[in-house]
A.B. asks: 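Pasting a structure here, questions to come.
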Protein chains: 2
Amino acid sequence: MTGDGASTVARARRGRSVEGRAQVRRDLVAAAVRLFGEQGYGDTTVDGIAAAAGVGRRTFFRYFRSKEDAISPDHGSALTRIAEVFDAAHPTEPTAPLVLRASETVLDLYTEDPALSVARFRLTHDVDALRDRESASVDHYRRLFTRQLRARFAGGSDGELRAAVTGAAVVAAHNLALRAWLAAGAPADGIDACRERFRKVADMLPVEPIRPAGDLHALARRLEAVAGRLERR
Amino acid sequence: MTGDGASTVARARRGRSVEGRAQVRRDLVAAAVRLFGEQGYGDTTVDGIAAAAGVGRRTFFRYFRSKEDAISPDHGSALTRIAEVFDAAHPTEPTAPLVLRASETVLDLYTEDPALSVARFRLTHDVDALRDRESASVDHYRRLFTRQLRARFAGGSDGELRAAVTGAAVVAAHNLALRAWLAAGAPADGIDACRERFRKVADMLPVEPIRPAGDLHALARRLEAVAGRLERR
DNA sequence: AACCCTAATGGCACTGCGTGCCGTTGAGCA
DNA sequence: TGCTCAACGGCACGCAGTGCCATTAGGGTT
């Protein structure tokens, strides 16, 4: 009595149906989110998720590589899309708007299903294993951004360092905005605010072509001193 | 015939011996590093590690929470020490040298046993599971730094954002220096170079107390414009 | 010296994740 | 109607991690 009705449904969508696969996937995600919320992550088994979705345990692992994957966004395809954004850009295009476009690709991933994103956010906030997994995913984004920036900063002084710092900073800032939006329940009228913050971060990127000095803060301090002398006149 | 001689040794160091515990721990780490290198991470079992160390499987899990932990540095105590550095600092102490001191605490963790650190670095570079775990650990540092910076930036404009960006940037920069040192085989004469890079990053931190504007890049651009006008006179 | 107390250990059994294998089933096609 | 192939379910296996408990050895006590 694991789910006669459900398994009948499952049987009805056999074959090479793309919609069938997508539907099974959605069912599994829905079941996972519901059970994680009801019984906690640790006390929910893959067997339980599969049964709740009216699917065999083995089938679960044909859709998700692990139990944690069942509630993770599809970072894999997001990374691919971001890489395409970078690769499609003209080498001379300014970095700031390019980074902005790449970032909004990530935002799209979450706006597709805000309610699901919020549920995931709550879970990744509470469960250690999921938080660590999220950290790993974020780091993949950081590496991708850093790699792209490194190519663009190459040749300038401290190119490696600037790429590492800028990539990490951009990803961290975007996560801050994204998490604030999700913590607020992902309101529809908050998307623009989130996008606005993204833009703000992009605006903070050092303008290129890179100035000879390279050290922006040193430049700022030098100019600040000049301004101070000016004011005192 | 799992290890008669070794188990005799193990038996000889029973009781409440602190040195005994430390020795068992070192043996387990050594066995893990060796086996991971010889047979790969995936093909090495906890049973194998325990047997190689002349210890029961159950004992392994009394020293390490998981298989991955066997080759992870003790990030837990490092985080504690860093938090102590921050907490012990006077509130008015400039942030840059404080961050530098906190960073060097991390460096100490790796300089204690350079050879082991290099072996770990190679493994975390190759094995996906270990790399993800490393990402999670690094993120713990990032969160700690960000939390401390947030307290110091509180009140200023965009304090949250500046803390998030600065924390992520500092950690990323330090990791870049640290990984470069480890990739070179952790030469003794490279420690100072690594420490020098740490200092360079600390110097790049915005000076405090925080200026009213808060947005450093905007400030830099504004001052740059002023400087441009000055030059044209 | 006999004794107890406690820390450390090792074995055992159990749950659950993840995987390989294989027989079955149903949709699409000739 | 029969063939093909993708998806599915079940089964068994290895292994990680945990709870439980008996055993052992060292330190302190009387």
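Note that the coordinates shown come from a computational prediction; the quantities given were computed from them, not determined experimentally.
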A.B. asks: Given C/dA8, is OP1 or OP2 found less than 4.0 Å from the side-chain N or O atoms of B/Tyr63?
C.D. replies: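 So the side chain of B/Tyr63 is outside the cut-off, no N or O lying under 4.0 Å from OP1 or OP2 of C/dA8.
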
A.B. asks: Could you check how far CD1 of B/Ile49 sits from P of D/dG17, rounded to whole Å?
C.D. replies: 10 Å

A.B. asks: So A/Phe64, base contact, sugar-phosphate only, or nothing? Heavy-atom distance under 4.0 Å.
C.D. replies: nothing

A.B. asks: Rounded to whole angstrom units, what separation is found between the CD atom of A/Glu68 and the C1' atom of D/dA16?
C.D. replies: 13 Å

A.B. asks: Send over the distance from B/Arg65 CZ to D/dG17 P, rounded to a whole Å.
C.D. replies: 10 Å

A.B. asks: Check every strand shown and say whether B/Phe60 touches a base, only sugar-phosphate, or nothing at a heavy-atom separation below 4.0 Å.
C.D. replies: nothing

A.B. asks: D/dG9 C1' sits how many Å from A/Leu28 CG, rounded?
C.D. replies: 14 Å

A.B. asks: For A/Thr44 and A/Arg62, take the nucleotide of DNA chain C holding the closest heavy atom to each; which residue's nucleotide lies nearer the 5' end?
C.D. replies: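 Its nearest nucleotide being more 5', the pick is A/Thr44.
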
A.B. asks: Is the NZ or CZ atom of B/Lys67 positioned over B/Phe36's six-membered ring, under 6.0 angstrom from the centre and within 45° of the axis?
C.D. replies: no

A.B. asks: In whole angstrom, what separates B/Asp43's CG from D/dC15's P?
C.D. replies: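 Those two atoms, CG and P, are 9 Å apart.
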
A.B. asks: Between B/Gly56 and A/Arg57, name the one whose nearest nucleotide on DNA chain C is closer to the 5' end.
C.D. replies: B/Gly56

A.B. asks: Would you find a donor on one side and an acceptor on the other, under 3.5 Å apart, between the side chain of A/Thr146 and the backbone of A/Gly167?
C.D. replies: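 A pair under 3.5 Å: no.
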
A.B. asks: Would B/Arg199 and B/Glu196 pass as an ion pair if we require N to O under 4.0 Å?
C.D. replies: yes

A.B. asks: What's the closest nucleotide to the A/Thr45 side chain, out of D/dG17, C/dC17, C/dG10?
C.D. replies: C/dC17

A.B. asks: Which listed nucleotide (C/dG18, C/dG10, C/dT9) is nearest to the side chain of B/Val24?
C.D. replies: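 Selected nucleotide (nearest to the side chain): C/dT9.
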
A.B. asks: Side chain of B/Phe61, heavy atoms from C-beta onward: which of D/dA7, C/dA8, D/dT18 has the nearest atom to it?
C.D. replies: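 Looking only at heavy atoms from C-beta outward on B/Phe61, the closest nucleotide is D/dT18.
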
A.B. asks: Find the distance A/Asp27:CG to D/dC8:P and express it as a whole number of Å.
C.D. replies: 11 Å

A.B. asks: Considering only heavy atoms and no angle criterion, is a donor-acceptor pair shorter than 3.5 Å present between the side chain of A/Arg58 and the base of C/dG18?
C.D. replies: no

A.B. asks: For A/Asp47 and C/dG18, give me the distance from atom CG to atom C1', rounded to whole Å.
C.D. replies: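 Rounding to the nearest Å, CG of A/Asp47 and C1' of C/dG18 are 12 Å apart.
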
A.B. asks: In whole angstroms, how far is the P atom of C/dG16 from the NZ atom of B/Lys67?
C.D. replies: 21 Å

A.B. asks: Measure from NZ or CZ of A/Arg179 to the centre of the six-membered ring of A/Phe121 and say whether it is under 6.0 Å with the direction within 45° of the ring axis.
C.D. replies: no

A.B. asks: State whether A/Glu93 and A/Arg101 are salt-bridged, where the test is any N-O pair (Lys NZ or Arg NE/NH1/NH2 against Asp/Glu carboxylate O) under 4.0 Å.
C.D. replies: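 Answer for the salt bridge query: yes.
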
A.B. asks: Give a yes/no on whether any side-chain N or O of B/Thr59 is located under 4.0 angstrom from OP1 or OP2 of C/dG10.
C.D. replies: yes

